[in-house]
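Below you'll find the structure, written out as structure tokens, and then a few comments.
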Protein chains: 2
Amino acid sequence: MDIMTPPHSPETDRFERISPLPAYQLVAEAIEREIVSGHIPPGEPIGTEADLVKQFGVNRSTVREGIRCLEQSGLIRRESSRRLVASLPRQGKLATRVSRALILHQVTFRELYEAIDMLERSAIELAVAHRTDDDLQAIARNLERTRDALSEPIRLAELDTEFHSLVAVATGNRVLQLAREPASLLIYTATQPIFEHVPEAAPRLLAAHEKLYDALVRRDVEDARAWMRRHVADFGKGFLRTGRTLDDPVDRIPFDSIFQTRGTS
Amino acid sequence: MDIMTPPHSPETDRFERISPLPAYQLVAEAIEREIVSGHIPPGEPIGTEADLVKQFGVNRSTVREGIRCLEQSGLIRRESSRRLVASLPRQGKLATRVSRALILHQVTFRELYEAIDMLERSAIELAVAHRTDDDLQAIARNLERTRDALSEPIRLAELDTEFHSLVAVATGNRVLQLAREPASLLIYTATQPIFEHVPEAAPRLLAAHEKLYDALVRRDVEDARAWMRRHVADFGKGFLRTGRTLDDPVDRIPFDSIFQTRGTS
DNA sequence: ATTGATCCGTTTGTCCGACAAACCGACTAT
DNA sequence: ATAGTCGGTTTGTCGGACAAACGGATCAAT
């Protein structure tokens, strides 16, 4: 992994960039600038392809290629396949992208486990500080459903994921939410087999979630962090009991459940 | 922010997706599958446009639109503007995207500050556990350069960013690296003014970095976390002294330093 | 009057064919 | 061996074209 190059290194580039970018990129950048600068607020319609052809004075094919780029980057979205509107990149899509990248880079379960340990303890700490009553209610409902699903591995895995997402929402911190989401997506695929192989996993999960809920109610940071650590450690132990080892790369088996970048959205 | 919908909810979708996706998306997905499944390893060339036209039996325009999508998502890269090759999405590009999204969603400095506090303490903790001698050397070199740049705000901001990136690299954990990078990019823009407005900021930064380095050398987790907390707190105080408040949204002033999604790469 | 069906212009997705410029590799001359 | 030339290849862009889907308006029916 290379280190991020600082945004601008004054010595290295003595001349202006000499490559006139292809027109479709110029189109994309022009529209992009209008959106990120706020001139086109989210929800506002971009013109039709014909409009853009007129405005930019380029061919329709060129406009279309530019649009594809923006569409892919999430800055424009289509309502009803007809209306192209400016849009804020959806966090779910971004997280999905990042997850996929992590898989392709073959990160190990150890990395995933360690990161989640850190991220989830951070999340619960901030959630303790910022949770509202609404957050608590949402989590309580999740606990309710979890109690009813103790014998359904698939449902349990979903509810576990949801629990941690709700905790993240309770932080009121979108930076941390977006930071932890990719890891959360990745671990989902490893969760379900645990409930199938390890009988005590389900009740332990419920117990931990309840303790975490309690800590959130009482705003007890230490307790919250401690239980989250145990909860994540439980996952680690359970994971090992499913026969895999921590140094395996996060694999590419569950593609279809992860790679829903296109589709319903 | 809405809650992440679980990867697959069995009740909701009873029928197959009925909309035959546009051909260019099918092209994109087909190639995407070949890449993520590993059939086309990174670096391997995709065919020319003419090849793809033949293989998919669609028009060249359609192929091109599909290619634009993949290019944008980072699964395809071009060597020499001629050769299209499969590629692993670069973490820098992903992080840039996420940063941009956070700006567009107008996250506040408070969110950014809290998240960084958590993420950086996590990073330093993992770095203490996993750092190699090479990591230490790289950080030592960064300290050296920092000592020489105490009176140059721009350079200091760059070196600070680099320091924390190096710590992240020292974790050996790419999940955490990718989780913290977007926040790191965002804070870079807020760092430089601090060195201009707050005289003691530079020496305090250096002192903190040196203490953190020490803690890494001695593998002292508690010390490392404590100093990181102080270091981040320093940033917070310095930030307030530049006249802004924590509840301002992270603003869109420094576009050009952030939005380098296209260009040199 | 509200509901339902029909019609027409618009917009998108796709195709075809074409051309200039840039690129690549081979070939030639020094 | 190096430099320069040349021709085929590939990309970027263009113009035009058409079917299908969509949206809105008009008209018919309850």
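By convention in this document, chain letters (A, B, ...) are assigned in the order of the sequence lines, proteins followed by strands, and residues within each chain are numbered from 1. Scope of the values below: all heavy atoms of this structure, side chains included, with no hydrogens, waters or symmetry mates.
Mapping T48(B) and S61(A) onto DNA chain D by nearest heavy atom places T48(B) at the nucleotide closer to the 5' end. Comparing R82(B) and R60(A) against DNA chain D, the residue whose closest nucleotide sits nearer the 5' end is R82(B).
The CZ atom of R64(A) sits 17 Å away from the P atom of dG12(D) (whole-angstrom rounding). Going from atom OH of Y24(A) over to atom C1' of dG12(D) covers 8 Å, rounded to whole Å. dG15(D) atom P lies 15 Å from atom CD of E49(A), rounded to whole Å. Rounded to an integer number of Å, the gap from R78(B) CZ to dA22(C) P is 16 Å. Atom pair E79(B):CD and dC23(C):P shows a separation of 15 Å (rounding to whole Å applied). Note: CG (L84(A)) to C1' (dG23(D)) measures 16 Å, nearest angstrom. Computed from coordinates, the L52(A) CG to dC14(D) P distance equals 14 Å when rounded to whole Å. Put simply, CD on E65(A) is 14 Å from C1' on dG13(C), counting in whole angstrom units.
No engagement by R83(A) is indicated, since no non-hydrogen atom pair under 4.0 Å with the nucleic acid exists.
Considering CG of L176(B) and CD of E120(B), their distance stands at 8.5 Å, rounded to 0.5 Å.
Q91(B) and H105(A) share no side-chain donor-acceptor pair at under 3.5 Å.
Considering only side-chain N and O atoms, S80(A) lies under 4.0 angstrom from the phosphate OP1 or OP2 of dG23(D). Regarding contacts with the backbone of dT13(D), every side-chain N or O of N59(A) stays at 4.0 angstrom or more from both OP1 and OP2.
The side chain of P22(A) sits closest to dT13(D) out of dC15(C), dG23(D), dT13(D).
Contact check on E71(A) versus R68(A) returns a salt bridge, with a Lys/Arg side-chain nitrogen under 4.0 Å from an Asp/Glu carboxylate oxygen.
Residues satisfying the salt bridge (Lys or Arg N to Asp or Glu O under 4.0 Å) criterion with D133(B), sequence neighbours excluded, are R131(B).
D135(B) places no side-chain N or O within 3.5 Å of a backbone atom of V169(B) that could act as its donor or acceptor partner.
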